[in-house]
Participant: 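Let me give you the structure first, and then I'll get to my questions.
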Number of protein chains: 2
Amino acid sequence: MPDAPAPAPLTERQRQIARAARQLLDAEGPDAVTMRRIADVLGIKAPSLYKHVPDKTALEALLITEGFVELAEALEAVAGRLPALGRAYRRYALHHPHLYRLMNYRPLRRDLLPPGVEDRAAFPLLAAVGHDGDRARALWAFAHGMVSLEIDGRFPPGADLDEAWRAGLAAFG
Amino acid sequence: MPDAPAPAPLTERQRQIARAARQLLDAEGPDAVTMRRIADVLGIKAPSLYKHVPDKTALEALLITEGFVELAEALEAVAGRLPALGRAYRRYALHHPHLYRLMNYRPLRRDLLPPGVEDRAAFPLLAAVGHDGDRARALWAFAHGMVSLEIDGRFPPGADLDEAWRAGLAAFG
DNA sequence: GGTCGGGGCTAACGGCGTTAGCCGCCCCCT
DNA sequence: AGGGGGCGGCTAACGCCGTTAGCCCCGACC
């Protein structure tokens with residue numbers, strides 16, 4: 001297991017920084033999440049952030065961790081029935097599109113994440129298809145494809161996405 | 001139809017610029033595609049590029065158009081049978097991961113693309129499911145999800161992606 | 001009471017996309 | 001043949017980005 005040896009709990013200041021970053025991300029999108037903007041929110045200067053966080057990548061890892069925990073909670077709340085799981089996945093992604101992109105639109109820096117957090121979010125999906133890894137990955141791909149294309153406005157304006165979800169999920173039931 | 005009124009064929013210099021950008025993208029990834037690097041390849045200075053291209057967004061649109069045409073050609077070559085279509089989609093994405101991301105990981109600036117180029121790439125998918133829009137979108141989401149998660153290394157190391165593809169495509173057959 | 005370190009600060013670097021303004025050269029028109 | 005215009009280079013510079021170096025204050029602790 002070449003992953004992180006210890007989670008190292010956050011200091012108060014680190015939590016404040018993560019909160020400021022999250023707030024900027026949700027409210028204005030990824031371009032607003034700059035070290036200077038974050039510092040502004042806290043009433044300090046950008047270089048001072050580096051007394052608390054090694055770099056921006058580590059800061060993003062905090063937000064990604066937050067996202068995985070929230071997504072896991074959302075999925076666990078409806079675990080079991082497959083259509084409800086799909087709705088919960090879609091609902092979370094659409095409510096936090098910027099964070100969803102941060103989490104899922106790039107290679108994951110697993111070395112910067114607390115161990116287990118990714119597996120926890122994946123578990124409800126896996127369980128919903130009877131712990132069949134191949135079908136779970138296909139289902140995940142479908143769900144991720146649907147929400148990412150929806151988030152990015154790639155479907156035609158009139159498209160009935162509920163129906164596309166139904167058509168896709170029916171196949172995996 | 002609020003889209004582009006005329007395609008406006010490219011000048012020789014514009015084609016050279018697009019070629020230089022494509023070469024940097026394929027060889028070194030998106031971070032290498034800067035106006036200065038592109039200018040270096042052509043032996044000129046960055047500001048001179050603006051005599052030929054309005055801005056970087058328009059330049060990216062040239063690459064995205066290229067990508068859609070290439071993807072359409074790849075899909076048309078195997079049009080009909082569904083598993084082959086999936087293999088062709090996956091094959092193209094994996095051979096040009098940086099361009100695939102440029103094309104598909106963000107909202108599409110359709111106003112900067114020649115009309116019809118997006119529909120042309122989508123047509124083989126649509127035809128493969130008997131022109132059922134909902135199922136076509138579900139299939140597209142599955143394919144996009146699979147390749148994007150694979151490109152970003154999000155699947156576990158040992159995962160049998162051929163099997164996941166088979167499991168997913170079987171549902172849409 | 002002296003030391004030390006946590007946590008601020010300013011200044012600065014190199015990179016980014018982009019704009020303003022200049023100029024040389026070639027082509028075309030008279 | 002002479003003159004004008006515009007194409008397509010150039011340099012300098014702006015405001016942004018992440019990040020580093022180096023300084024200093026202040027409070028806690030021996």
Side-chain angles (χ1 to χ4, degrees), chain A residues 6 8-65 98-99 101-102 105-109 111-112, chain B residues 8-65 98-99 101-103 105-109 111-112:
Chain A
L10 301 184
T11 67
E12 174 59 22
R13 206 50 161 160
Q14 284 172 328
R15 262 177 278 123
Q16 291 173 358
I17 292 169
R19 182 149 31 93
R22 174 70 183 272
Q23 163 188 326
L24 285 167
L25 181 67
D26 284 343
E28 301 183 45
D31 291 352
V33 185
T34 73
M35 299 304 271
R36 293 176 225 258
R37 289 290 307 276
I38 294 167
D40 279 352
V41 173
L42 299 179
I44 63 178
K45 302 297 181 179
S48 302
L49 292 173
Y50 291 84
K51 291 295 168 69
H52 305 282
V53 166
D55 53 32
K56 199 188 178 188
T57 302
L59 208 171
E60 288 173 349
L62 294 181
L63 299 188
I64 290 169
T65 300
H98 300 304
L99 183 53
R101 296 175 71 140
L102 198 61
Y105 276 46
R106 70 193 81 255
L108 194 60
R109 287 294 304 273
D111 56 326
L112 302 181
Chain B
L10 299 185
T11 67
E12 174 60 21
R13 207 48 163 160
Q14 284 172 330
R15 262 178 279 122
Q16 290 173 359
I17 292 169
R19 182 150 30 93
R22 175 69 183 271
Q23 163 188 326
L24 285 167
L25 181 68
D26 284 343
E28 301 182 45
D31 290 353
V33 185
T34 73
M35 299 305 271
R36 294 176 224 258
R37 287 293 305 278
I38 294 167
D40 278 353
V41 172
L42 299 179
I44 62 178
K45 303 298 181 179
S48 302
L49 293 172
Y50 290 85
K51 292 294 167 72
H52 305 281
V53 166
D55 52 32
K56 200 189 177 187
T57 301
L59 209 171
E60 287 173 349
L62 295 181
L63 299 188
I64 290 169
T65 300
H98 300 304
L99 182 53
R101 296 175 70 141
L102 198 61
M103 293 164 62
Y105 276 46
R106 70 191 85 254
L108 194 60
R109 287 294 303 274
D111 56 326
L112 302 180

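If you're wondering where the values come from, they're calculated on a predicted model, not measured in any experiment. Proteins get letters first, then strands, A, B, ... in listed order; numbering begins at 1 in each. FYI, side chains are in, hydrogens and waters are out, and symmetry mates aren't considered; it's all heavy atoms of this structure.
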Participant: Return the value, rounded to whole Å, for the distance between atom CG of A:Leu24 and atom P of D:dC17.
Facilitator: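 So the CG-P distance, A:Leu24 to D:dC17, works out to 11 Å.
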
Participant: Less than 4.5 Å apart, side chain to side chain, heavy atoms only: is that true for A:Glu60 and A:Arg109?
Facilitator: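 With C-beta onward as the side chain, the pair stays apart.
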
Participant: Tell me: CD of B:Glu12 to C1' of D:dG8, nearest whole Å?
Facilitator: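 Whole-Å distance recorded here is 15 Å.
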
Participant: Atom pairs, N/O to N/O, protein against nucleotides 25-27 of chain C, distance under 3.5 Å?
Facilitator:
none

Participant: Looking only at heavy atoms, what is the nearest atom pair of A:Arg101 and B:Pro107, with distance?
Facilitator: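 A:Arg101 and B:Pro107 have their closest heavy atoms at NH1-CD, 3.8 Å.
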
Participant: Could you check if a side-chain atom of B:Arg106 sits within less than 4.5 angstrom of a side-chain atom of A:Tyr105, using non-hydrogen atoms only?
Facilitator: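 No; the side chains remain at least 4.5 Å from each other.
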
Participant: Within the structure provided, determine whether A:Leu59 and A:Ile38 are in side-chain contact (heavy-atom separation under 4.5 Å).
Facilitator: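 Yes, their side chains come closer than 4.5 Å.
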
Participant: Can you tell me how far apart OG1 (B:Thr57) and CG (B:Leu62) are? Round to the nearest 0.5 Å.
Facilitator: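 Rounded to the nearest 0.5 Å, the OG1-CG separation comes to 11.0 Å.
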
Participant: Apply side chain to side chain donor-acceptor pair (under 3.5 Å) to residues B:Gln16 and B:Arg19 and explain how you reach the verdict.
Facilitator: CA-CA 5 Å; B:Gln16 290 173 359; B:Arg19 182 150 30 93; 6.0 Å; no

Participant: Heavy atom of residues 29-41 of chain A under 4.0 Å from DNA chain C: which residues?
Facilitator: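 Heavy-atom contacts with DNA chain C come from no residue of residues 29-41 of chain A; none.
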
Participant: Report, one pair per line, the protein and nucleotides 8-11 of chain C atoms (nitrogen or oxygen only) whose separation is under 3.5 Å.
Facilitator:
unit_1, atom_1, unit_2, atom_2, d
C:dG8, OP1, A:Arg13, NE, 3.1
C:dG8, OP1, A:Arg13, NH2, 3.3
C:dG8, OP2, A:His52, NE2, 3.0
C:dG8, N7, A:Lys51, NZ, 3.1
C:dG8, O6, A:Lys51, NZ, 2.5
C:dC9, OP2, A:Lys45, N, 2.6
C:dC9, OP2, A:Ser48, OG, 2.9

Participant: What distance separates B:Arg37 CZ from B:Leu25 CG, expressed to the nearest 0.5 Å?
Facilitator: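 Result: 12.0 Å between the selected atoms.
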
Participant: If we only count heavy atoms from C-beta on, is the A:Leu99 to A:Arg22 side-chain gap below 4.5 Å?
Facilitator: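 A side-chain contact under 4.5 Å exists here.
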
Participant: Quick one: A:Tyr50 OH to D:dA21 C1', roughly how many Å, whole number?
Facilitator: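 In whole Å, D:dA21 C1' lies 14 Å from A:Tyr50 OH.
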
Participant: Please answer whether the main-chain N or O of A:His52 pairs with a side-chain N or O of A:Gln14 as donor and acceptor at a distance below 3.5 Å.
Facilitator: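 Looks like yes, one N/O pair under 3.5 Å.
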
Participant: Please report the closest heavy-atom contact between B:Ala39 and B:Ala46, naming both atoms and the distance.
Facilitator: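 Shortest heavy-atom separation between B:Ala39 and B:Ala46 comes out as CB-N, 3.5 Å.
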
